[in-house]
Amino acid sequence: MADLEAFRNEARSWLEANYPPSLKTPMTEDEAPWGGRKAVYKNPDIKLWMDRMASRGWTAPTWPKEYGGGGLTGEEAKVLEQELRRIKARPALMSFGVWMLGPVLLEYANEAQKKEYLPKIVRGEIRWCQGYSEPGAGSDLAGLQTKCEDKGDHYLINGQKIWTSYADQADWIFCLVRTDTSKKHEGISFVLFDMTTPGVEARPIKLISGSSPFCETFFTDVKVPKAQLVGALNKGWDIAKRLLQYERQNISAGGFGGTGGGLEIEDIAKKYVGTDADGRLADHDLRARLAAHRMEAKAFALTVRRVEQELRAGKGLSPATSIIKYAAAKLNQDRSELVVEAIGLQGLGWSGEGFSPREIGETRAWLRSKGNSIEGGTSEVNLNVVAKRVLGLLDHQ
Amino acid sequence: MADLEAFRNEARSWLEANYPPSLKTPMTEDEAPWGGRKAVYKNPDIKLWMDRMASRGWTAPTWPKEYGGGGLTGEEAKVLEQELRRIKARPALMSFGVWMLGPVLLEYANEAQKKEYLPKIVRGEIRWCQGYSEPGAGSDLAGLQTKCEDKGDHYLINGQKIWTSYADQADWIFCLVRTDTSKKHEGISFVLFDMTTPGVEARPIKLISGSSPFCETFFTDVKVPKAQLVGALNKGWDIAKRLLQYERQNISAGGFGGTGGGLEIEDIAKKYVGTDADGRLADHDLRARLAAHRMEAKAFALTVRRVEQELRAGKGLSPATSIIKYAAAKLNQDRSELVVEAIGLQGLGWSGEGFSPREIGETRAWLRSKGNSIEGGTSEVNLNVVAKRVLGLLDHQ
Amino acid sequence: MAILTEEQTMLRDAARDWVQARSPVGAFRKLRDSGDGAGYDPALWREMGEMGWTGVIVPEAHGGSEFGYLGLGLVLEETGRTLTASPLLSTALTAASALLIGGSEAQKEEWLSQIAAGAIVAALAVDEHAHHAPEKTALTAVKSGRGWTLNGGKAFVPEGGAADLIVVAARTAGQPGDADGLTLFLVQGDADGLTRTALKTADSRGYANLTFKDVTVAETAVLGEAGGGWPILEETLDRARAGLAAEMLGTAAQAFDVTLDYLKTRTQFGQAIGTFQALQHRAAKLYTELELTRSCVEAALEAIDNGSADAGALASLAKAKAGETLHLASNEMVQMHGGVGMTDAHDAGLYLKRARAAEAIYGGASYHRDRYARLLGF
Amino acid sequence: MAILTEEQTMLRDAARDWVQARSPVGAFRKLRDSGDGAGYDPALWREMGEMGWTGVIVPEAHGGSEFGYLGLGLVLEETGRTLTASPLLSTALTAASALLIGGSEAQKEEWLSQIAAGAIVAALAVDEHAHHAPEKTALTAVKSGRGWTLNGGKAFVPEGGAADLIVVAARTAGQPGDADGLTLFLVQGDADGLTRTALKTADSRGYANLTFKDVTVAETAVLGEAGGGWPILEETLDRARAGLAAEMLGTAAQAFDVTLDYLKTRTQFGQAIGTFQALQHRAAKLYTELELTRSCVEAALEAIDNGSADAGALASLAKAKAGETLHLASNEMVQMHGGVGMTDAHDAGLYLKRARAAEAIYGGASYHRDRYARLLGF
């Protein structure tokens with residue numbers, strides 16, 4: 001414990017000395033530090049902060065130092081997190097490499113691959129995207145068809161991915177491909193390749209919210225060096241599932257947020273709906289539903305805290321992960337629906353005169369929230385997983 | 001139309017002349033006119049009213065006169081119903097024979113059977129019960145195992161039924177039996193027999209509400225004359241399904257009721273919860289939910305009316321029947337839950353001091369209502385039926 | 001489906017055919033993408049007028065067909081199916097109702113005949129904020145010379161930007177919150193002092209915020225009696241709610257039909273996803289809600305046609321129930337379509353956006369639950 | 001499951017073993033069928049005292065083990081699983097809390113030691129009608145000589161029939177509805193002028209209606225300050241709510257476990273019914289609710305142990321959430337068991353009946369939603 005306090009003191013002084021004062025305002029969407037070769041920094045301090053944190057390995061605090069990580073224990077990482085929160089620091093690096101790919105590389109990649117890819121992830125040099133879903137394989141991910149042929153000295157990839165997050169911004173992709181068509185799960189491999197390889201094309205998909213965070217990604221005779229296969233040939237499904245666990249954890253822990261910007265939902269409601277003589281929200285029907293929602297949100301937050309405590313107490317990756325994703329999606333969708341209802345027609349603005357940016361933001365966030373129960377495993381699949389893996393219910397015979 | 005008005009006038013004068021004045025109070029449960037050999041009439045006018053109505057065939061208004069029915073057209077029957085409602089007449093006869101068995105006998109029985117059974121149903125001489133469910137065959141009714149063997153001059157029946165409504169009060173049973181064990185649906189037959197036949201035993205089942213409307217019914221070497229088979233051997237499943245349609249219609253149309261006794265749910269709530277200065281129910285959360293419930297109840301009533309109108313317009317037995325049963329069960333359960341919540345702990349009395357009979361009645365009705373979504377086809381089976389027959393969704397291959 | 005008369009059946013069939021041929025969802029999408037501020041296609045609107053839809057509730061004396069609200073509801077249900085954007089509800093039902101209920105013979109002759117002919121767009125301007133609250137009207141009308149002067153604002157007026165004629169709820173006495181003291185005025189869209197700001201909403205329909213600065217109207221512009229606006233307004237709103245509910249029923253029914261079709265054709269894990277029982281039960285429940293909603297909508301329209309005393313309660317019921325069902329149907333449409341339902345290229349988002357706007361207009365489910373409870377005395 | 005200390009783990013394990021061995025659901029059923037009015041089995045209650053459960057929150061100085069509310073919650077969760085009927089909550093948590101919070105040293109010494117020893121049954125008498133509303137207390141206490149005289153009634157007092165000691169909320173000033181003006185009194189069960197009517201409720205537990213007719217107590221019977229009862233009462237109620245929520249969590253968890261087992265063993269259409277996806281999803285949702293509820297219950301108990309400022313809000317959250325989850329779990333227990341779940345011979349009905357009573361005591365979900373909203377300022 002003394003060591004931990006020493007670490008806290010050291011981290012605190014370092015952060016105070018190194019956190020750029022220009023980043024003390026709330027982060028806007030276009031200031032998100034995704035890194036990568038195509039990154040454009042509105043404010044050079046964003047890059048400075050990333051580099052400083054990366055130099056200590058604190059963009060991936062618990063990864064081994066030999067791969068550029070911080071080499072911290074779980075407890076130290078928690079302290080670092082607390083200290084970052086204390087100074088309301090912006091994230092130094094947002095990265096699918098850190099959140100999803102890195103952990104499975106540490107577990108499944110060979111030494112050369114770890115040495116090659118991990119340090120660049122830590123430093124935010126390479127931005128990664130995820131090539132999982134295909135038009136015909138959504139919830140049934142293992143039904144994927146993107147073909148990967150062994151051409152002796154290289155693999156040749158042909159096919160199409162969809163829902164590739166930020167594929168148009170990414171430098172490299174981690175990708176599930178079919179290397180054996182005679183089996184389903186045992187015919188899948190996990191490969192990495194550069195998005196600038198000839199034959200790769202990413203087309204942004206416009207969502208109902210108006211934004212385009214995802215792409216359709218096409219592969220036409222894409223040549224991939226064989227050294228870029230992770231794990232054994234046809235054994236990619238285990239890696240894929242493991243990575244999905246990290247993804248769900250990440251989606252859950254990060255929460256979905258909305259554009260709350262510090263305002264609680266009841267403050268929004270009071271502003272648009274007004275209060276009665278007793279100070280209660282004037283629409284008592286809405287008030288009861290808002291209260292129910294706030295209680296659900298609290299129950300969820302307490303559950304996330306509990307799962308974290310259990311994790312820290314060494315109980316491993318909890319089966320509750322699937323619950324958390326399901327509950328988080330529902331909660332964020334419920335919140336968005338209530339916000340839009342509370343704001344009334346003023347909460348259904350799309351653009352232009354008559355609406356504040358914040359109101360339009362809520363409209364867009366509401367529409368975007370509909371994806372929460374689809375991306376990263378639909379709620380239906382989550383419930384199947386809970387029923388089968390956690391509750392032990394069987395499939396139809 | 002002129003004929004119809006003539007019929008109305010005639011029915012009205014007849015009812016005015018023949019409805020016993022002593023039946024102008026609300027009917028209590030032990031005054032229900034179920035008829036049958038074991039019937040005991042608290043008030044002889046109950047029997048008188050049954051006999052008078054039966055003499056005109058109006059206990060089964062649309063059945064052919066040759067079988068004792070009223071021989072009325074659908075429109076005339078509607079008029080009769082209106083006139084009965086106008087004078088707030090009690091039912092003359094409550095009867096599974098009229099509601100369920102009769103319609104399928106008219107469709108499937110031979111002439112001798114119709115002549116034998118129908119007139120006694122109309123006159124309330126024989127009270128019928130329904131031998132359908134078995135301990136191992138609930139929702140999967142066709143999985144029934146009660147064995148019926150052909151012994152040359154008679155059938156021999158061995159097995160067990162459950163959920164036999166009022167089997168301990170009934171004179172005869174209409175019963176599904178297995179006559180071929182090598183097939184599922186095509187091995188079922190539909191037979192009728194007297195409950196006093198040696199080897200028949202009915203044991204009442206106590207429900208969670210404290211009442212015992214159902215029995216377990218045991219058959220040990222029960223001999224049944226072959227003339228009591230309805231339809232062809234092994235063709236009973238079609239009759240069974242048809243009868244279930246009539247049963248669901250009956251459950252739906254009759255509604256489930258509760259013990260409202262004329263008090264609307266909001267009157268109960270006002271009494272126990274009180275009102276605020278504006279005359280609104282003091283618990284605004286409960287008020288919103290009560291309003292939602294009352295609107296659902298209205299939507300349901302309007303739907304029943306619409307289905308009836310469509311039926312009368314000659315569109316046949318609507319597929320909406322399954323919806324109605326499902327919706328009616330949910331509605332009555334919701335009502336009961338709201339009533340118990342509104343009455344508070346006073347609504348959880350079981351017996352004795354401190355509770356009014358009405359409060360105890362609501363507690364019991366609430367518990368009894370839980371069966372609404374189980375009996376006569378569970379809500380799950382109803383939803384399956386809607387999905388498959390109405391919406392055309394397929395089974396898993 | 002209610003038992004229809006021959007005229008009603010013909011009207012519905014004509015609407016069904018026209019919508020398929022002339023106004024499929026693609027037409028609405030094109031309109032949206034064009035960014036046209038009016039929020040409807042004038043050519044299609046003209047065709048509606050030519051088919052007589054603008055005169056369905058208008059007496060024959062004023063050029064209408066007098067087929068009643070149930071008839072107009074059948075048309076709105078069909079147009080609702082394909083998200084047809086038009087001033088039909090606003091003009092031929094809402095504004096026409098206000099004139100029918102409160103108009104003098106002269107006003108009816110002048111305006112109803114133009115509405116029936118499809119010659120004008122008309123609108124009702126009632127709310128002043130984001131939530132429906134007619135009794136909170138604050139826009140003032142003050143007697144001035146031989147007429148009245150209006151000052152104040154109106155928000156989210158459906159078809160307010162395009163309207164040639166606007167029925168305006170104004171306060172001539174009392175305080176915002178009082179039902180008493182309201183007066184309805186007929187104001188022309190090009191009146192001096194009236195500023196209209198077209199709004200770009202998620203559902204891409206035509207709404208405008210209106211600002212009245214010393215807008216002067218003649219005494220003949222008063223609809224009904226001065227100070228007696230509330231009962232006319234309330235009855236008008238109830239008819240508008242029932243009509244909007246009919247449109248919403250069509251929108252929900254189509255969302256369901258498209259989704260049901262997807263359940264039958266989309267395969268995952270080697271099965272049509274509609275074979276999964278959890279989705280089957282959800283589909284069956286949604287179908288149940290649609291059937292319940294249909295009963296409410298038809299009952300409300302019939303009650304209006306019959307002049308029944310419970311038309312108000314039924315209108316609240318229909319609006320609330322249609323709102324809840326459309327809410328559910330539009331959410332399920334996106335969810336059951338999975339990723340593709342989240343793309344702008346798919347129609348699901350269009351239904352979702354329209355759903356929430358329609359839910360809010362003339363009061364959401366919360367508003368109507370409260371009103372229903374009040375009407376039932378609790 | 002929270003991270004437990006060694007003592008807490010031992011306490012929970014002991015409770016689990018004891019409940020299985022001594023107090024399975026069958027024991028409760030036998031008690032119910034006996035028609036015994038007390039609503040609990042004195043032999044089992046004695047054993048609870050011997051195991052020290054009556055002293056879990058009592059300071060060591062008064063003979064308790066001071067293992068805290070989380071510890072006692074673990075025991076209540078286990079007893080809740082089998083519907084164990086006992087005065088544990090009423091005595092060792094609720095009344096003990098009132099004494100801990102508001103009692104003088106002399107009162108604590110006299111009563112807490114007896115509670116810890118399992119020597120007495122104690123109760124809190126607060127509500128006077130069928131709905132929880134502590135501020136509506138109307139029972140009066142008037143200063144008389146060297147003490148106070150109490151007149152009025154209390155309704156549905158848990159263990160009110162058996163209690164040796166009753167903590168009574170009385171009004172010494174103000175009007176029903178005011179939080180100010182309440183005073184708590186320690187009244188003995190055999191006091192002159194106190195009439196107790198045992199109630200037969202659906203959940204077959206011990207409740208009584210109490211009538212106070214000129215019941216006189218000494219000045220030393222005042223718990224805390226005269227007129228200062230509200231904060232003590234509110235804090236006591238919050239602890240009782242959290243404890244009851246723990247019991248309800250156990251009841252819901254067991255209802256779920258039994259149902260899940262049935263889903264795995266009952267076959268229909270040649271399949272275990274738990275293979276049907278619609279039931280799988282409902283089971284998974286119920287499991288989710290149970291996990292969320294567990295977090296709330298544990299957080300509320302920990303907040304009480306830590307003296308956190310948000311203990312009140314968390315107690316409302318835990319009580320509401322446990323109520324909703326138990327409501328759902330008990331309904332699903334009946335429905336998923338089908339016909340057999342409707343029979344009195346099956347346990348489902350026992351869980352259902354207990355569920356609704358536990359939901360109502362100390363405020364249902366509706367009450368606590370309102371309170372939570374007030375605490376959050378809206």
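The chains referred to below are lettered A, B, ... by the order of the sequence lines, with proteins before strands, and numbering in each begins at 1. Since this is a predicted model, take the numbers as computed values, not measurements. Because only heavy atoms are used, hydrogens play no part in the values below, and waters and symmetry mates are left out as well, while side chains stay in.
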task: Check whether any side-chain heavy atom of Tyr326(B) sits under 4.5 Å from a side-chain heavy atom of Lys285(C), and report yes or no.
output: yes
query: If you measure from CG on Leu393(B) to CG on Leu263(C), what distance do you get to the nearest 0.5 Å?
result: 6.0 Å
task: State, with a plain yes or no, whether a side-chain heavy atom of Thr303(B) is found less than 4.5 Å away from one of Arg294(C).
output: no
message: Rounded at 0.5 Å granularity, tell me how far CE in Met295(B) sits from OG in Ser316(C).
response: 6.0 Å
query: Take atom CG in Asn306(C); do more than 12 heavy atoms of anything else shown fall under 6.0 Å from it?
result: yes
query: Quick one: are Lys321(C) and Glu296(B) in side-chain contact, heavy atoms under 4.5 Å?
result: yes
query: Is it true that atom CD of Gln309(B) has more than 12 heavy atoms of other residues, nucleotides or ligands lying nearer than 6.0 Å?
result: yes
- prompt: Between the side chain of Arg306(B) and the main-chain N/O of Glu291(C), is any donor-acceptor distance below 3.5 Å?
  reply: yes
Chain B contact via Ala283(C) - side chain, backbone, both or neither, heavy atoms under 4.5 Å: both
field: Check: Arg374(C) main-chain N/O paired with Arg280(B) side-chain donor or acceptor under 3.5 Å
entry: no
field: Heavy-atom closest contact (Ala299(C) atom, Arg305(B) atom, distance)
entry: CB-NH2, 4.1 Å
- prompt: Is the CZ atom of Arg389(B) crowded by more than 12 outside heavy atoms at less than 6.0 Å?
  reply: no
- prompt: Out of curiosity, Tyr287(C) OH to Leu383(B) CG, how far, rounded to the nearest 0.5 Å?
  reply: 13.0 Å
field: From Lys388(B) atom NZ to Thr275(C) atom OG1, the distance as rounded to the nearest 0.5 Å
entry: 9.5 Å
Nearest atoms (heavy-atom pairs only) where Ala284(C) meets Ala387(B): CB-N, 4.2 Å
- prompt: Does the side chain of Arg287(B) come within less than 4.5 Å of Arg369(C)'s, by heavy atoms?
  reply: no
message: Please classify the contact between Tyr372(C) and chain B as side chain, backbone, both or neither, with a heavy-atom cut-off of under 4.5 Å.
response: side chain
- prompt: What residue among Leu292(C), Leu317(C), Thr293(C) forms side chain to side chain contact (heavy atoms under 4.5 Å, CB included) with Leu302(B)?
  reply: Leu317(C)
Structural part of Leu279(C) lying under 4.5 Å from a heavy atom of chain B: neither
- request: Using a cut-off of 6.0 Å, state whether more than 12 heavy atoms not belonging to Gln82(B) lie near its atom CD.
  value: yes
field: Gln280(C) side chain to Leu394(B) backbone, donor-acceptor under 3.5 Å
entry: yes
query: Should we count NZ of Lys184(B) as having more than 12 external heavy atoms under 6.0 Å?
result: yes
query: How far does CD1 of Ile265(B) sit from CG of Leu376(C), to the nearest 0.5 angstrom?
result: 11.5 Å
query: NE2 of His185(B): more than 12 outside heavy atoms within 6.0 angstrom?
result: yes
message: Between Ser295(C), Cys296(C), Ala365(C), who has the most heavy-atom pairs with chain B when the cutoff is under 4.5 Å?
response: Ser295(C)
message: Closer than 3.5 angstrom, by distance alone: can the side chain of Lys270(B) be matched with the main-chain N or O of Gly377(C) as a donor-acceptor pair?
response: yes
task: State, without any angle test, whether Asn384(B) and Gln277(C) hold a side-chain donor-acceptor pair at a distance under 3.5 Å.
output: yes
- prompt: How far does CD of Glu264(B) sit from CZ of Phe378(C), to the nearest 0.5 angstrom?
  reply: 9.5 Å
query: Leu391(B) versus Phe256(C): any side-chain heavy-atom pair under 4.5 Å?
result: yes
